[in-house]
Every structure is written in structure tokens, then in C-alpha cells.
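The block underneath contains the structure these notes are about, expressed in C-alpha cells.
Below, chain A is the first sequence line, B the second, and so on; all start at residue 1. As the structure is a prediction and not an experimental result, all values here were calculated from the model.
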Number of protein chains: 2
Amino acid sequence: MAYQEYIPPVLKRALEVLTYIPTYGERSASRFVYNFLKLSPEERDEILKTLFELSRSARKCSECGLVSDTDPCRICSDTKRNKRFLCVVEESQDAYAIERLERYTGVYHVLGGRIAPLEGISAEDLNIEGLLRRIENYGVKEVILATNPNVEGEATANYILSLIKKRFPSVKVSRISHGLQFGSLIELADDLSLERSIENRR
Amino acid sequence: MAYQEYIPPVLKRALEVLTYIPTYGERSASRFVYNFLKLSPEERDEILKTLFELSRSARKCSECGLVSDTDPCRICSDTKRNKRFLCVVEESQDAYAIERLERYTGVYHVLGGRIAPLEGISAEDLNIEGLLRRIENYGVKEVILATNPNVEGEATANYILSLIKKRFPSVKVSRISHGLQFGSLIELADDLSLERSIENRR
């Protein structure tokens with residue numbers, strides 16, 4: 001008899017559909033499913049119920065691209081937020097991380113990724129045109145480029161910087177600083193971070 | 001206004017409940033939720049529907065501890081399987097991996113983990129008493145110890161071996177072999193695997 005007969009079809013199916021999730025291969029799918037099954041039925045129900053509610057209510061803000069439960073999102077809908085101050089991020093989770101600081105009073109622009117030629121992601125795949133349109137339509141005065149501090153994030157920031165400088169020369173553009181992360185040790189720091197922390201000394 | 005107001009409550013809740021899952025910290029929860037939200041509503045529905053069906057039908061086999069959709073599981077229920085030949089594994093996924101070989105005709109015994117003092121897991125937390133009971137009740141003749149080939153898996157195998165040898169001296173006990181994994185290179189192999197592959201030469 002074939003192997004498929006021994007693994008319950010619904011278990012096999014669960015392992016398959018979990019791989020639909022971006023970045024989820026067989027290993028991640030297996031880790032999710034088997035660990036999920038270790039929970040009590042009540043805990044499993046709570047997780048699935050919450051995910052159903054999330055799935056049902058989730059929408060992407062048509063103004064900034066943030067995943068939220070309203071369109072426009074809660075941030076773009078808040079009249080107290082400064083729409084002339086844009087913080088460009090790669091993904092929604094980056095924006096929510098910055099929100100946790102409870103200091104930023106502008107709005108966000110979610111690119112939906114970053115330029116990564118080795119992964120087949122080009123500028124056209126990102127919400128860059130939308131960014132330029134917003135800068136024009138809202139009379140944006142300042143833009144913070146908060147893409148991740150890595151090779152692709154830097155390249156993406158530089159690309160956007162040059163586009164903005166060309167079309168909107170009076171807009172103030174800044175890049176989040178690089179240096180040593182709090183809690184790290186100088187003797188264990190990578191060369192690039194160490195260099196930058198000295199170059200960018202204040 | 002507090003940060004909590006900007007992140008949709010249901011999104012925040014989803015990030016929390018995902019951490020109920022064993023081995024899932026904030027990072028894994030975040031990776032799951034945000035990537036899950038990148039799927040279309042149809043794909044999300046399919047995943048959740050499948051997980052609901054899985055959750056509803058999943059049960060642990062009272063004979064061998066395998067996660068299945070019936071109790072006893074499909075393997076223990078199959079009269080063609082040899083119940084006097086036991087393959088001891090740490091978790092259900094290990095058993096299903098061995099099943100994929102379509103060669104093993106015995107039954108399994110799922111310990112539910114392995115002895116790991118540093119993680120607070122002792123022999124009492126595992127289904128070892130159940131194993132000894134099965135060996136006695138079914139007149140088991142052979143046991144394969146298929147815990148993982150690492151420090152804890154080895155310790156667990158040795159512990160079980162000594163218990164079996166003491167109580168059931170006539171039972172044949174074997175341990176899956178160690179050596180070089182197929183597809184690996186000698187020059188890149190770790191010392192222990194290299195040693196074992198030469199020691200256990202045949």
C-alpha cells in the first residue's frame with residue numbers, strides 16, 4: 001500500500017497548503033503543523049478563530065499600503081497625523097515597529113518589499129510610483145527612508161532618493177542612521193558597522 | 001494616543017496567539033502572520049479551512065502515540081503490520097518520514113520528545129512506560145531505536161536500551177546507524193560523523 005494511505009489525508013493536505021505562505025517551505029510547514037497539533041483543542045480553536053477574524057477584516061490601505069482593518073488605515077485616517085511627513089518602509093511590520101516608539105507623528109509609505117535583482121524583484125514591483133504621486137498630491141515636505149540597513153535596503157533607499165531629488169528638489173530626504181546597535185560590543189561588531197559608527201560620529 | 005490604537009486589535013491578537021505554538025516566539029509569529037496576509041483571500045480561506053478540519057479530526061493514537069485521524073491510528077489498525085516489531089521515534093513527523101520509505105512493516109512508538117535535562121525534559125515526561133508495557137503485552141520481538149542522531153537522542157536511546165535489556169533480555173534491540181549522510185563530502189564532514197563512518201564500516 002502506498003505511503004499516502006498512512007499519513008491522514010488532512011494532515012498531508014495541511015502540510016501542503018502551509019507552503020502557500022511566502023517563505024514557508026516543507027520544514028516551516030512541518031514545524032507549524034506538528035507544533036500546532038501539540039496544543040489543546042481550545043488553544044487551537046482560539047488561534048484559528050483569531051486568524052479567521054484577521055483574514056476577514058484585513059485590508060491594505062489604498063493610501064499608504066499598510067495592512068490594517070480599515071481602508072484608509074487608522075494612521076492615514078487620523079487627522080492629527082502629519083501627511084506631509086512620510087516614512088518609507090519595506091513592509092507593514094516595519095511601520096508597526098516604528099509605531100511602537102510612539103514618537104513618529106507622520107504617515108507611512110509601504111513599498112511592499114525592496115529592490116532585489118537576485119530575487120527577481122525590481123523597482124517596478126514596488127509601490128514607488130505611488131510614493132511619488134503622494135509626494136506631489138499631498139505637498140510632502142519631508143521623507144525618511146527607513147528601508148532595512150542591508151545591501152538591498154540601501155540600494156532601494158538610494159534609488160528612491162535620486163528619484164525624489166530629481167522630481168521634487170525641495171523635499172527634505174533623510175536616511176535612518178547606521179552604526180552600532182545598542183547592546184552590542186565593539187570587539188564583536190562587524191567591520192562595516194564599526195566603520196559607519198566612527199564615520200557618522202556626532 | 002497609545003500605540004495599541006494604531007495596530008489593528010485583531011492583528012495584535014493574532015501576533016499574540018501564534019506564540020502559543022511551541023517553538024513560536026515573536027519573530028516566528030510575525031513571520032507567519034504578515035506572510036499569511038500576503039496571500040489572496042481564497043488562499044487564506046483554504047489554509048484556515050484545512051487547519052480547522054485537521055484540528056477537528058486530529059487525535060493521538062492510544063496505542064503508539066502517533067498523531068492521526070483515527071484512534072488507533074491507521075498503522076496500528078492495519079492487521080498487515082507486524083506489532084511485534086517496534087520502531088521508537090521522538091515525534092510523529094519522524095514516523096511519517098520513515099513511512100515515506102515504504103519499507104518498514106512494523107509499528108511505531110512515539111515518545112513525544114527526548115530526554116533533555118537542559119530543557120527540563122526527563123524520562124518521566126516521555127512515553128517510556130507505555131513502551132515497556134507494549135513490549136510486554138504484544139510479545140514484541142524487535143525494537144529499533146530511531147531517536148535523532150544527536151546528543152539527547154543518543155542518551156535517550158541508551159536509556160531505553162538499558163531498560164529493555166533489563167526487563168526483556170530476549171528482545172532484539174538495534175539503533176539506526178550513524179555515518180556520513182548521502183550527498184555530503186568527506187572534506188566537509190564533522191569529525192564525529194567521519195569517525196563513526198570509519199568505525200562502523202561494513
So which of A:L15, A:L48, A:T70, A:I75 has the biggest tally of heavy-atom pairs under 4.5 Å with chain B? A:L48
Where does [X] contact chain B at under 4.5 Å (heavy atoms): side chain, backbone, both or neither?
X     : value
A:R81 : side chain
A:S68 : both
A:S28 : both
A:E91 : side chain

For the atom pair [atom1] ([X]) and [atom2] ([Y]), what is the distance rounded to the nearest 0.5 Å?
X      : Y     : atom1 : atom2 : answer
A:Y104 : B:Y6  : OH    : OH    : 12.0 Å
B:K60  : A:K38 : NZ    : NZ    : 9.0 Å
B:L37  : A:Q93 : CG    : CD    : 9.5 Å
A:R100 : B:I7  : CZ    : CD1   : 7.5 Å

Residues, nucleotides or ligands: over 12 heavy atoms within 6.0 Å of [X] [atom1]:
X      : atom1 : answer
A:N137 : CG    : yes
B:D190 : CG    : yes
A:Q181 : CD    : no
B:L192 : CG    : yes
A:K165 : NZ    : yes
B:I186 : CD1   : no
A:E16  : CD    : yes
A:E142 : CD    : yes

Min side-chain heavy-atom separation [X]-[Y] under 4.5 Å:
X     : Y     : value
A:Y20 : B:F36 : no
B:L39 : A:P22 : yes
A:L11 : B:D69 : no
A:L18 : B:L51 : yes
B:S30 : A:Y96 : no

Over 60° means perpendicular and under 30° means parallel, so classify the ring planes of A:F32 and B:Y24, tilted if in between. perpendicular
Has B:R31 got a side-chain atom pairing as donor or acceptor with A:T23's backbone, closer than 3.5 angstrom? yes
For the side chain of B:R44 and the backbone of A:S55, is there at least one donor-acceptor N/O pair under 3.5 Å apart? yes
